[in-house]
There are 2 protein chains.
Amino acid sequence: MRRDTRLSGVLHVLLHMAEQKEPVTSEALAKAMDTNAVVIRRMMSGLRDHGFVRSEKGHGGGWCLVRDLAKISLRDIYEALGRPSLFAIGNRAQSPKCLVEQAVNAALDQAFDDAEALLLSRLGNVTLAMLSADFQKRLGDRRNRHRLEIVHAS
Amino acid sequence: MRRDTRLSGVLHVLLHMAEQKEPVTSEALAKAMDTNAVVIRRMMSGLRDHGFVRSEKGHGGGWCLVRDLAKISLRDIYEALGRPSLFAIGNRAQSPKCLVEQAVNAALDQAFDDAEALLLSRLGNVTLAMLSADFQKRLGDRRNRHRLEIVHAS
DNA sequence: CAATCATGTAATATCGTTAGTTACATGAGA
DNA sequence: TCTCATGTAACTAACGATATTACATGATTG
């Protein structure tokens, strides 16, 4: 099944914005993400409504982060996107009359509810600041690898 | 996103089959599930290949359960269906060059992997026998409700 | 104030996946 | 041999995420 990549996409955008002091245009973000500017605006509208980012029109306009990265969790972002459904698997009928199907739904619902609770809790424990730190670490690692390659080549 | 309802559907079918001693035709199952016989056969083919059910052609043919209900977990069924993807949310790129996206993917993967592990473990702890028992209990409850209604009406 | 830049948003197209249908082949049993 | 039932391929329909186009709105600059 085709997956919803908005959460992944929005996080990518936000971290790129965090690297920039100036507002970033939808056009620039779209280029970095290899997509269309309208897609960016659509993804960001929820975040704006929830006060995570601000958008400015006209010259020098674009998108800015408003809150501290350490104060934004992945779960916050997920909710700002409108809590898209997490699972690709579901029940055939919502409130079936068939008692067999009721028993099936009850069992599946319990398992999926547990998994959803765990997932949301995990997302709640990761902040954008942590992601940014991880990115910085990867950047350092890459630099070190390059340095090694240079040494070995000489 | 549209959800994959095959797991729910197969479980429904299997429990209905458990109530019947004779083989059940795809046509009969399709009627109970309000769908098409071909859809049933398609869903069941994986289960047959994994030895959970048997299919017989010709007069008196149809589908039979092979194993004990207590020996089949919901996870077994899930795997027999070919482990369809569980989540409706995913990463934009599989192995991105962008370090920002790598950091995002790593964080999301960890959360989703944990949730998947929990979900599969939960599914592994529920057997078809348990579902069948739950169904029988619901049946008893319904009978009791009806009996009460009759008493109150008299 | 006019030109330009950027967002806001509706309408539409595209693409992939699941579900449903039709058609026909195969095999078992009466 | 006729009928019943599965096995399977091919096609259609429906749905949702993503992409694109078009145009309106508002801010900045000269």
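Every chain is numbered from 1 and lettered A, B, ... according to where its sequence line falls, protein lines coming before strand lines.
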Among the candidates dC15(C), dG20(C), dA11(C), find the nucleotide nearest to the side-chain atoms of Arg42(A).
-> dA11(C)

Ile89(A) CD1 to dT17(C) C1', straight-line distance once rounded to whole Å | 14 Å

For Asn36(A), answer base if it contacts any base atom (sugar-phosphate contacts may also be present), sugar-phosphate if it contacts only those atoms, and nothing otherwise; contact means non-hydrogen atoms under 4.0 Å.
-> base

Is the shortest distance from a Lys or Arg side-chain nitrogen in Arg75(A) or Glu79(A) to a carboxylate oxygen in the other one below 4.0 Å?
-> yes

If you check every side-chain atom of His59(A), which of dC5(C), dT21(C), dG16(C) has the closest atom?
-> dC5(C)

To the nearest Å, how far apart are Arg41(B) CZ and dT26(C) P?
-> 16 Å

Rounded to the nearest Å, what distance is computed from the CG atom of residue Leu29(B) to the C1' atom of nucleotide dG20(C)?
-> 17 Å

List in chain and number order the residues that pass ring pair (Phe, Tyr, Trp, His ring centres under 6.0 Å) with Phe52(A), two or more places apart in sequence or in another chain; answer none if no residue qualifies.
-> none

Terminal contacting nucleotides, 5' and 3', DNA chain D versus chain A (heavy atom, 4.0 Å) | dG16(D) to dT28(D)

Would you find more than 12 non-hydrogen atoms of other residues, nucleotides or ligands less than 6.0 Å from Arg54(A) atom CZ?
-> no

How would you label the contact of Gly62(A) with the nucleic acid (heavy atoms, under 4.0 Å): base, sugar-phosphate, or nothing?
-> sugar-phosphate

Whole-Å distance separating the NZ atom of Lys31(B) from the P atom of dT21(C) = 13 Å

Is it true that Arg145(A) and Asp141(A) make a salt bridge, defined as a side-chain N closer than 4.0 Å to a carboxylate O?
-> no

Closer to the 5' end of DNA chain D via nearest nucleotide, is it Ser45(B) or Gly61(B)?
-> Gly61(B)

Could you pull out the closest heavy-atom pair between Ser85(B) and Ile89(A), with the gap in Å?
-> O-CG1, 4.0 Å

Using a 4.0 Å heavy-atom cut-off across all strands, classify Arg6(B) as base, sugar-phosphate, or nothing.
-> sugar-phosphate

If you look at every strand shown and take non-hydrogen atoms under 4.0 Å, does Arg48(A) touch a base, only sugar-phosphate, or nothing?
-> sugar-phosphate

Taking every non-hydrogen atom, the tightest pair across Ser8(B) and Arg92(A) = OG-N, 3.1 Å

Does a side-chain heavy-atom distance below 4.5 Å link Pro23(A) with Glu56(A)?
-> no

Contact under 4.0 Å: Thr35(B) side-chain N or O vs dG20(C) OP1/OP2 = yes

Would you say the base of dT18(C) and the side-chain of Arg2(B) have a donor-acceptor pair closer than 3.5 Å?
-> yes

How many Å lie between CD1 on Ile40(B) and P on dG20(C), as a whole number?
-> 9 Å

Over how many whole Å does the gap from Met44(A) atom CE to dT9(C) atom P extend?
-> 14 Å

Taking for each residue the nucleotide of DNA chain C with the nearest heavy atom, is it Pro84(B) or Lys57(B) whose nucleotide lies nearer the 5' end?
-> Pro84(B)

